[in-house]
Amino acid sequence: MVGMKMILPSPGKLMALNCTLFAPSRGLPFRHGHLPRFPIPTVSMNEFMLPRWFASKPPPEIFALNKRISHLVRTGLLAEARVLFDSSSQRNTITWNSMITGYVKSGEISKARDLFDEMPTRDVTSWNVMILGYTRSHRGVHGFVDEARAMFEQMPERDHVSWNTMISAYARIGRMDEALKLFQAMPDRTVVSWNAMVSGFLWNADMARAVELYEQMPERDSASLSAIISGLVQNNKLDEAAGILEKYGSKICWKKGLVHAYDTLVAGYAQRGQVKEARALFDVIPKGEKNVVSWNTMIMGYTRVGDIESARRLFDEMTERDTFSWNTMISGYVHNRSMENASNLFCGMPEPDILTWNLMVSGYAESGNLWLALDLFKRMPKKNLVSWNTMIAAYGTNNDFKGAIDLFIRMLVEGEKPDRHTLSSVLAACTGLVDLHLGLQIHQMVVKTVIPDLPINNSLITMYSRCGAISEALLLFNEVKAYKDFISWNAMIGGYASHGLAVEALELFELMKRIGVKPTYITFISILNACAHSGLVEEGRGHFQSMTQEYGIEPRVEHFAALVDLLGRQGQLEEAMEVIESMAMEPDKAVWGALIGACRMHNNIELAWVAAEALMRIEPDSSAPYVLLYNMYADVGQWDEATKVREVMEKHDIRKHTGHSRVGSL
DNA sequence: GTAGGGTTAG
């Protein structure tokens, strides 16, 4: 019966059918090619009345066509499927349904609807696919679920798939009342209906009702169990999940997909870094029942906690790996700061996908190897937005801001549309280049392309404040009332500080603390610099002290540099030197640079020599300390000493233009 | 050879 509803024979076939099957029994004489007088028994036709070969088998060419079309649809080659569909003279309902499914799955609901309206005979699947299409299309938060419901009401007959599709649709958008009404109204609930309801409660954070319904289920399969475990895991109820798995898992056999439920809980433990628990569960799964997901999940668990060796042991043990396995392992190497191992795997991987390439590019970029990152980026067979964003950000983190901008332009030329991540990186590059003109242009693009959020606003504030457009920065800073984080504050305070507006910086700093936003080490760098530039020695020292004592922030080398600068500028050179000697870490060139600058300012040649020698050790090729010493001697007219410095410099073959250190500009 | 519920990364 079911088979016949779908396969309505063409009129010619039907006629022949009636000749052979019904006419003789009724004893009515008729000639071949004439329509019989009695009603054509379409409804009562079933497989008992028809030869099996006719009832279940369409012509082989249609079968082949359908197989081809559904294959193309599944592999996403929709346009090719459509060409084949249009060029075929013989189609049946499955041909149409397959084509409609293609449009539905790619979200082209209006094309699907056109075909649906056009098709000569619709079966229950045609309706079900259209309903599914409407429920999965997006319009606002509710999608086209009301359209789906209208079709559901309109369809001539419904089967359990129709009901289940509709229930699932309501459950997904949180209309559990509607879902429940349908669930109660449907004539024969299947395990899928129950699962849809249970999942619905899970998605809508109603754990209690989900569990309650789960316990009431007449039968549970592995999907039900996976769903409930997934819900419990998401609600951090790992123990309860383990209990449910133990209680109900024993009633489901491995052959019926019990492994999925195990995978879910293994993943739950893995995500929380509980590798021991994950491994114990993983080991319960019989060897032959472990699937690729089980292995991948366990490998992921190990990489997450940085146990890359155990991850690799499992990876090597696997008999069948998929792209996911390779990517997880490569990602593990990339994130546990080992590009050599990642690269070895990458080279041995049979079919790297975009994710693999992106992983490798970001790995090289993060390890500072911009050149290799770029090389891989150029050789990518296919790029997506993430690839572009990764590479643009890579330039930024390696301080090649010009490179970031150039690549961004290239991206636009190639027709790729930037998103908030791209624009954020590009704004950071504008900041690095202190290019207000470009920053303004990017701001325009931000306004046109994305809904501003906190990170993008922070990027804008940072860009404006660093480029000296303090009033624009302040405008944006004040605009984001509800969502301001420490980055916003740091950006604004840093902007004031770097433009000599120490009073404003300090005022904002006080406000920040009063509001309850915790300052970070970056805030203190700005504050100490602001104090240094405006000679607020005691205030600066006080902030340095409160940083360590009140906020528990370990002073970094930048703080010491600012403190040395602060003291040195005021002529407290001995105190500055004491600070350097008290440092737990090796002073860097900024620290010594601050000291040598102060020495020149206050004509302390002895201490200048100490700083200069330290700088020469740090950067042997830099001319800056020599130039500074030369100038100091020249200032006081000690030309013989000045000449000596110059001779030593020439002897070491140091040219004046080498080394663009910050010290050189002091 | 077409439709519905559940699992793993970034």
Side-chain angles (χ1 to χ4, degrees), chain A residues 6 57-58 60 62-74 92-102 104-105 122-133 135-136 158-169 171-172 186 189-200 202-203 217 220-231 233 256-268 270-271 278 291-301 303-304 322-332 334-335 353-356 358-359 362 384 386 389-390:
Chain A
M6 301 184 186
K57 276 191 192 163
I62 293 197
F63 189 87
L65 170 77
N66 291 348
K67 199 170 171 178
R68 183 89 193 114
I69 287 182
S70 79
H71 176 77
L72 289 171
V73 159
R74 269 201 308 275
N92 65 9
T93 311
I94 293 185
T95 326
W96 287 86
N97 288 350
S98 301
M99 202 59 234
I100 292 174
T101 303
V104 158
K105 295 262 155 113
R122 297 174 197 102
D123 64 12
V124 68
T125 300
S126 325
W127 287 87
N128 287 347
V129 175
M130 279 311 298
I131 289 175
L132 178 73
T135 65
R136 295 286 165 88
R158 297 184 269 265
D159 64 5
H160 53 266
V161 176
S162 331
W163 288 89
N164 291 342
T165 309
M166 223 38 244
I167 290 173
S168 170
R172 269 174 207 280
M186 78 182 286
R189 289 185 277 269
T190 66
V191 67
V192 176
S193 331
W194 284 88
N195 288 349
M197 287 304 295
V198 169
S199 302
L202 293 175
W203 289 325
M217 282 177 77
R220 301 165 194 86
D221 64 4
S222 62
S224 334
L225 190 56
S226 304
I228 200 82
I229 286 176
S230 163
V233 162
K256 290 260 172 80
L258 178 61
V259 68
H260 293 322
Y262 272 80
D263 289 346
T264 310
L265 191 53
V266 171
Q271 279 159 2
N291 61 19
V292 98
V293 175
S294 331
W295 290 89
N296 293 348
T297 308
M298 199 55 234
I299 292 174
M300 191 198 79
T303 60
R304 185 152 301 194
D322 63 5
T323 313
F324 201 104
S325 331
W326 288 89
N327 285 347
T328 307
M329 200 60 231
I330 291 176
S331 159
V334 164
H335 293 117
D353 63 2
I354 292 195
L355 183 85
T356 328
N358 289 347
L359 268 173
S362 76
N384 62 11
V386 177
N389 288 352
T390 305

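These numbers were taken from a predicted model, which means no experiment stands behind them. Below, read A as the first sequence line, B as the second, and so on, with proteins coming before strands; counting in each chain starts at 1.
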To the nearest angstrom, how far is [X] atom [atom1] from [N] atom [atom2]?
X: Arg136(A); N: dG5(B); atom1: CZ; atom2: P; result: 5 Å
X: His71(A); N: dT2(B); atom1: NE2; atom2: P; result: 12 Å
X: Met166(A); N: dG5(B); atom1: CE; atom2: P; result: 13 Å
X: Asn291(A); N: dT8(B); atom1: CG; atom2: P; result: 12 Å
X: Asp123(A); N: dG4(B); atom1: CG; atom2: P; result: 14 Å
X: Arg122(A); N: dT2(B); atom1: CZ; atom2: C1'; result: 16 Å
X: Ile354(A); N: dG10(B); atom1: CD1; atom2: P; result: 17 Å
X: Asn296(A); N: dT7(B); atom1: CG; atom2: P; result: 16 Å

Can you check whether any acceptor in the base of dG6(B) is under 3.5 Å from a donor in the side chain of Ser222(A), or vice versa?
yes

Note to self: With a 3.5 Å cut-off and heavy atoms only, can you find an N or O donor on one side and an acceptor on the other between the side chain of Thr190(A) and the base of dG5(B)?
What the structure shows: no

Candidate nucleotides [options], ranked by approach to the side chain of [X] - the nearest:
X: Asp353(A); options: dG4(B), dT2(B), dA9(B); value: dA9(B)
X: Thr125(A); options: dG4(B), dG5(B), dT2(B); value: dT2(B)
X: Thr264(A); options: dT2(B), dT7(B), dG5(B); value: dT7(B)
X: Ile94(A); options: dG6(B), dT2(B), dA9(B); value: dT2(B)
X: Asn195(A); options: dG4(B), dG5(B), dG10(B); value: dG5(B)
X: Asn128(A); options: dA3(B), dT2(B), dG10(B); value: dA3(B)
X: Thr101(A); options: dA3(B), dG5(B), dT8(B); value: dA3(B)
X: Asn97(A); options: dT2(B), dA9(B), dT7(B); value: dT2(B)
X: Asp221(A); options: dA3(B), dG5(B), dG4(B); value: dG5(B)
X: Ser230(A); options: dA9(B), dA3(B), dT7(B); value: dT7(B)

| request: Mind checking Leu355(A) for me? I need base, sugar-phosphate or nothing, with any heavy atom below 4.0 Å counting as a touch. | output: base

Ser98(A) meets the side chain to side chain donor-acceptor pair (under 3.5 Å) criterion, sequence neighbours left out, with none

Sorted by chain and residue number, the side chain to side chain donor-acceptor pair (under 3.5 Å) partners of His335(A) (sequence neighbours excluded) come out as Ser331(A)

Kindly say if [X] contacts the phosphate of [N], meaning a side-chain N or O under 4.0 Å from OP1 or OP2.
X: Ser224(A); N: dG6(B); answer: no
X: Lys105(A); N: dG4(B); answer: yes
X: Arg74(A); N: dT2(B); answer: yes

**Q.** Flag for Asn128(A)-Thr125(A): side-chain donor and acceptor within less than 3.5 Å
**A.** no

Q. If we only count heavy atoms from C-beta on, is the Val266(A) to Ser294(A) side-chain gap below 4.5 Å?
A. no

Original post:
Below 4.5 Å, heavy atoms only, C-beta onward: do His260(A) and Val293(A) meet side chain to side chain?
Top reply: no

Between Thr323(A) and Asp353(A) the two heavy atoms that sit nearest each other are CG2-OD2, 3.4 Å

